[in-house]
Amino acid sequence: MPLPRATRKLLVEQLWNGPVDEIESILNDKRNEHCLVRPYLGRRRTRTSTRRLNFIKLRNYLLHIDQIEELGLPAHEYASAMADALAFLLWVAEIDACDVEFVLARPRSGTTEGSGNHFTTGPLGSCSLWVLDFDCCKPLPMTTKGVQQAVEKFWRNDPYYPNPDTKCEEDASLWNTFKTRFLDTSAEIMASKPEGIRHLPEEFINRIVDSIGVYSKGVPTATPL
């Protein structure tokens with residue numbers, strides 16, 4: 001499941017600011033063999049944190065959206081895969097997706113090109129988006145109350161999902177990709193569900209947008225609308 005050595009080498013070469021002759025020792029460090037990349041589509045680094053690194057640890061490496069763009073990785077494909085995964089968790093598994101994590105890692109054996117979460121474009125080469133850590137997830141009622149529960153968990157999570165509180169054109173486009181794919185995938189799932197709950201995906205998205213600035217890590221800082 002960890003990303004291969006060639007991918008780890010690329011990350012070090014692109015993101016590390018130390019001596020070139022130390023790259024091999026970094027790659028040979030056992031602690032860096034278990035390399036999983038956590039794509040933060042909803043967070044850009046601050047100006048003071050955008051410099052290249054003098055120290056790098058590849059285990060659970062946090063790759064922010066500005067780094068994803070700099071590396072030429074398919075951010076919109078990642079956003080679509082996250083949208084598919086979230087729609088499945090909410091409406092098929094019927095859990096609230098609390099504190100789940102998304103990581104880029106090697107694809108499952110036998111995964112074919114063209115699968116929704118298998119990516120071959122970009123310098124990372126062949127990789128898949130995996131969803132991990134379901135221990136905090138709770139059952140999700142198929143009601144308006146359940147939608148509000150899922151909205152709170154959306155804001156509680158680390159910034160994997162594109163941010164609807166957009167600060168630039170690129171982020172707005174990424175959020176639109178995520179939103180559109182989520183609603184399309186949800187509509188396909190809900191087609192076989194009772195008519196009375198088919199509105200829940202759109203209500204979920206609307207409540208996310210309406211609650212921008214209300215939550216900090218899922219905890220209300222203002223009165224939800």
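Since we're looking at a predicted model, the values are computed, not measured.
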What do the steps show when you test D171 against N163 for side-chain contact (heavy atoms from CB on, under 4.5 Å), and what is the final call?
-> CA-CA 7 Å; D171 291 343; N163 191 346; 5.9 Å; no
Run the numbers on H64 and Q67 for side chain to side chain donor-acceptor pair (under 3.5 Å), then give the verdict.
-> CA-CA 5 Å; H64 297 76; Q67 294 170 297; 3.3 Å; yes
Begin with the C-alpha distance, continue with both residues' side-chain angles, and end with the deciding distance and a verdict on side-chain contact (heavy atoms from CB on, under 4.5 Å) for K167 and D165.
-> CA-CA 7 Å; K167 300 296 191 297; D165 187 13; 3.1 Å; yes
Assess whether side-chain contact (heavy atoms from CB on, under 4.5 Å) is satisfied between V12 and L27, documenting all intermediate values.
-> CA-CA 8 Å; V12 174; L27 296 174; 4.2 Å; yes
Do F119 and L73 pass the side-chain contact (heavy atoms from CB on, under 4.5 Å) test, and can you show the C-alpha distance, the side-chain angles, and the key distance before you say yes or no?
-> CA-CA 9 Å; F119 315 106; L73 296 172; over 6 Å; no
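The number of heavy atoms from other shown groups lying within 6.0 Å of NZ (K193) is above 12. Around the CD atom of E203, the shell of radius 6.0 Å holds more than 12 heavy atoms that belong to other residues, nucleotides or ligands.
Scanning both residues, V147 and L200, for their nearest heavy atoms gives CG2-CD2, 3.6 Å. Nearest approach of A79 to L174, heavy atoms of both residues: CB-CD1, 3.9 Å. The two residues P107 and W130 come nearest to each other via the heavy atoms C-CZ2, 4.2 Å. Pairing each heavy atom of M82 with each of Y160, the nearest pair is SD-O, 3.3 Å. Across every non-hydrogen atom of V131 and A85, the tightest pair is CG2-CB, 3.9 Å. Shown here for M190 and R198, the closest heavy-atom pair between the two residues is O-NE, 3.3 Å.
Listed for the S192 side chain is a donor-acceptor partner under 3.5 Å among the backbone atoms of I189. In terms of modelled atom types and a separation under 3.5 Å, the side chain of T185 and the main chain of R181 share a donor-acceptor contact. N206 places a side-chain N or O within 3.5 Å of a backbone atom of E202 that can act as its donor or acceptor partner.
Considering only heavy atoms from C-beta on, P139 stays 4.5 Å or farther from I95 through its side chain. Using a 4.5 Å cut-off on side-chain heavy atoms (C-beta onward), L41 and Y78 make contact. Counting heavy atoms from C-beta outward, W91 and M142 have side chains that approach closer than 4.5 Å. When side chains are defined from C-beta on, T177 does not count as touching P162, because their heavy atoms never get closer than 4.5 Å. Within the 4.5 Å cutoff, side-chain heavy atoms of V151 are placed close to those of S211. Within the 4.5 Å cutoff, the side chain of Q149 has no heavy atoms near those of the K145 side chain. V37 places none of its side-chain heavy atoms less than 4.5 Å from the side chain of C127. Under the 4.5 Å side-chain criterion, counting only non-hydrogen atoms from C-beta, V100 is not in contact with L132.
Ion pairing between D96 and K138 fails under the 4.0 Å rule for side-chain N and carboxylate O. Under a 4.0 Å N-O distance rule, the pair E152/R207 does not qualify as a salt bridge. For R44 and E69, the salt-bridge test passes: some basic side-chain N is under 4.0 Å from an acidic carboxylate O. Under a 4.0 Å N-O distance rule, the pair R43/D158 does not qualify as a salt bridge. Looking at R5 and E24, a side-chain N of the basic residue comes within less than 4.0 Å of a carboxylate O on the acidic one, giving a salt bridge.
Considering CD of E101 and CG of L36, their distance stands at 9.5 Å, rounded to 0.5 Å. Put simply, NE2 on H118 and OG on S128 are 5.0 Å apart, with the number rounded to the nearest 0.5 Å. I205 contributes atom CD1, which lies 5.0 Å from atom CG of L183 (distance to the nearest 0.5 angstrom). E77 CD to T120 OG1: the interatomic distance, rounded to the nearest 0.5 Å, is 7.5 Å. Separation of atoms OG1 (T143) and CD (Q148) is listed at 10.5 Å; rounding is to 0.5 Å. Distance CG/L63 to CG/L11: 7.0 Å, rounded to 0.5 Å.
Side-chain rings of F102 and Y161 approach one another, their centers coming within less than 6.0 Å. Aromatic rings from F204 and F182 are positioned such that their centres are separated by under 6.0 Å.
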